[in-house]
Amino acid sequence: MRLHYIWAIMVLLTSCKGNSQEKKETSPKQAEQKKEFKIQKTKAEWKKELTDAQYYVLREAATENPFTSELLDNKEKGTYVCAACSTPLFKSETKFKSGTGWPSFYQEIEGNVAYEKDYKFNTIRIEEHCATCGGHLGHVFEDGPEPTGLRHCINGVALKFVPEK
């Protein structure tokens, strides 16, 4: 009889689904717009247009090695655009040295960056995508400077820099 109780408890415990397992699609400050992106291409089309590193980061949500981006120490005035579709993402005036090894910005160009919760690595992070093509850019954290307090930690390979004219 005791064995039956233990078995029943084990079945109940393993079949319960807690709220922590529910994937909710919201992010702090902005609501996640899980959507079709304006630019849709096949894997083969993206592979043809992007370098291997760009494809790996933008289309497979990888992370480039820290301190390897040529844009990390760029101090020129201009705009950082998506390497896949040229959508303007960040202005040079919002770039700052975070010491993390990736280009960091305290503010995006409104409407050009999409957000989604990222559940990898047993933690919740806010992943950033190009709002036009859906390319993975990096993540945003709440430990940046004023005026926003945000740190958009972006893979340099996901960006191209367009100098101000």
Side-chain angles (χ1 to χ4, degrees), residues 21-142 144 148 150-165:
Q21 295 171 323
E22 290 292 321
K23 186 174 179 180
K24 295 183 175 65
E25 299 300 331
T26 59
S27 63
K29 193 175 174 191
Q30 297 100 346
E32 160 57 20
Q33 305 98 25
K34 195 83 160 158
K35 63 176 183 174
E36 292 285 319
F37 294 100
K38 190 186 302 184
I39 296 176
Q40 297 284 318
K41 296 183 182 183
T42 65
K43 284 184 177 187
E45 289 171 320
W46 284 122
K47 282 185 176 186
K48 187 176 178 183
E49 293 180 20
L50 302 171
T51 67
D52 288 344
Q54 288 171 330
Y55 180 84
Y56 190 54
V57 169
L58 286 161
R59 307 316 309 171
E60 299 292 333
T63 302
E64 70 185 353
N65 290 328
F67 301 102
T68 59
S69 173
E70 61 189 42
L71 297 176
L72 183 61
D73 295 320
N74 181 29
K75 292 179 176 39
E76 290 183 63
K77 288 190 177 190
T79 304
Y80 293 86
V81 302
C82 176
C85 71
S86 299
T87 295
L89 302 170
F90 302 96
K91 295 282 191 184
S92 60
E93 300 86 58
T94 67
K95 188 172 185 266
F96 69 97
K97 188 170 186 161
S98 67
T100 61
W102 294 277
S104 297
F105 306 86
Y106 62 78
Q107 186 171 359
E108 79 283 13
I109 295 176
E110 192 170 336
N112 292 356
V113 177
Y115 301 89
E116 177 180 0
K117 280 192 178 180
D118 174 355
Y119 293 86
K120 297 175 194 148
F121 306 115
N122 295 323
T123 186
I124 299 174
R125 300 179 301 168
I126 305 303
E127 184 177 2
E128 297 185 78
H129 300 274
C130 171
T132 304
C133 71
H136 169 78
L137 303 172
H139 292 85
V140 63
F141 303 95
E142 295 179 342
T148 65
L150 298 175
R151 173 175 51 95
H152 298 265
C153 191
I154 307 299
N155 290 286
V157 74
L159 303 172
K160 287 183 187 173
F161 180 73
V162 179
E164 193 174 272
K165 294 178 183 178

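Keep in mind that the numbers below use all heavy atoms, side chains included, and drop hydrogens, waters and symmetry copies. Keep in mind it's a predicted model, so treat the numbers as computed, not measured.
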Colleague: For F161, check ring-ring contact (aromatic ring centres under 6.0 Å, His included) against everything at least two apart and list the hits.
Modeller: Y80
Colleague: Between atom CD of E142 and atom CD1 of I126, what is the distance when rounded to the nearest 0.5 Å?
Modeller: 8.0 Å
Colleague: Out of curiosity, K77 NZ to K75 NZ, how far, rounded to the nearest 0.5 Å?
Modeller: 14.0 Å
Colleague: For a quick test of reading the model, state the closest non-hydrogen atom pair linking G134 to H129 and the distance between them.
Modeller: O-ND1, 3.2 Å
Colleague: For K41, which residues count as a side-chain hydrogen bond (donor to acceptor under 3.5 Å, both in side chains) partner, sequence neighbours excluded?
Modeller: E49
Colleague: Between I39 and C85, which heavy-atom pair has the shortest distance, and what is it?
Modeller: CD1-CB, 3.5 Å
Colleague: Determine whether F105 and L159 make a side-chain contact, defined as any pair of heavy atoms from C-beta on separated by less than 4.5 Å.
Modeller: yes
Colleague: Who pairs with R125 by salt bridge (Lys or Arg N to Asp or Glu O under 4.0 Å), at least two apart in sequence or on another chain?
Modeller: D118
Colleague: Is the F90 to H152 ring centre distance short of 6.0 Å?
Modeller: yes
Colleague: Nearest heavy-atom pair of F96 and G144: which atoms, and what distance?
Modeller: CZ-CA, 4.4 Å
Colleague: Over 60° means perpendicular and under 30° means parallel, so classify the ring planes of H136 and H139, tilted if in between.
Modeller: perpendicular
Colleague: Are side-chain heavy atoms of T94 and T148 found at a separation under 4.5 Å?
Modeller: no
Colleague: Restricting to side-chain contact (heavy atoms from CB on, under 4.5 Å), what partner residues turn up for P66, sequence neighbours left out?
Modeller: W102
Colleague: Which residues pass the side-chain contact (heavy atoms from CB on, under 4.5 Å) test with A84, not counting sequence neighbours?
Modeller: W46, L50, L58, C82, C133
Colleague: Mind checking what makes side-chain contact (heavy atoms from CB on, under 4.5 Å) contact with E60, not counting sequence neighbours?
Modeller: K43, Y55, Y56
Colleague: Kindly indicate, with the supporting measurements, whether the criterion side chain to side chain contact (heavy atoms under 4.5 Å, CB included) is fulfilled by V81 and L89.
Modeller: CA-CA 5 Å; V81 302; L89 302 170; 5.6 Å; no
Colleague: Is the shortest heavy-atom distance from the side chain of E76 to the side chain of S92 under 4.5 Å?
Modeller: no
Colleague: Mind listing the closest non-hydrogen atom pair of G99 and F67 along with its distance?
Modeller: O-CZ, 3.7 Å
Colleague: Do E128 and I154 come close enough that some side-chain heavy atom pair is under 4.5 Å?
Modeller: yes
Colleague: Name all residues meeting the side-chain contact (heavy atoms from CB on, under 4.5 Å) criterion together with K38; count only those two or more places apart in sequence or in a different chain, and write none if there are none.
Modeller: T132
Colleague: Please name all residues satisfying side-chain hydrogen bond (donor to acceptor under 3.5 Å, both in side chains) with T100, sequence neighbours left out, ordered by chain then number.
Modeller: S98
Colleague: What heavy-atom pair brings A158 and V57 nearest, and what distance separates the two atoms?
Modeller: CB-CG1, 4.2 Å
Colleague: I want to check something: taking the side chain as every heavy atom from C-beta on, are N155 and T63 in contact at a cut-off of under 4.5 Å?
Modeller: yes
Colleague: Counting distance only, does the side-chain N/O of E64 pair as donor-acceptor with the main-chain N or O of S69 below 3.5 Å?
Modeller: no
Colleague: Could you work out, with side-chain hydrogen bond (donor to acceptor under 3.5 Å, both in side chains) as the rule, every residue matching E45, not counting sequence neighbours?
Modeller: T42
Colleague: Could you pull out all residues at least two apart from Q54 that satisfy side-chain hydrogen bond (donor to acceptor under 3.5 Å, both in side chains)?
Modeller: T51
Colleague: Heavy-atom distance under 4.5 Å between the side chains of K95 and S104, does that happen here?
Modeller: no
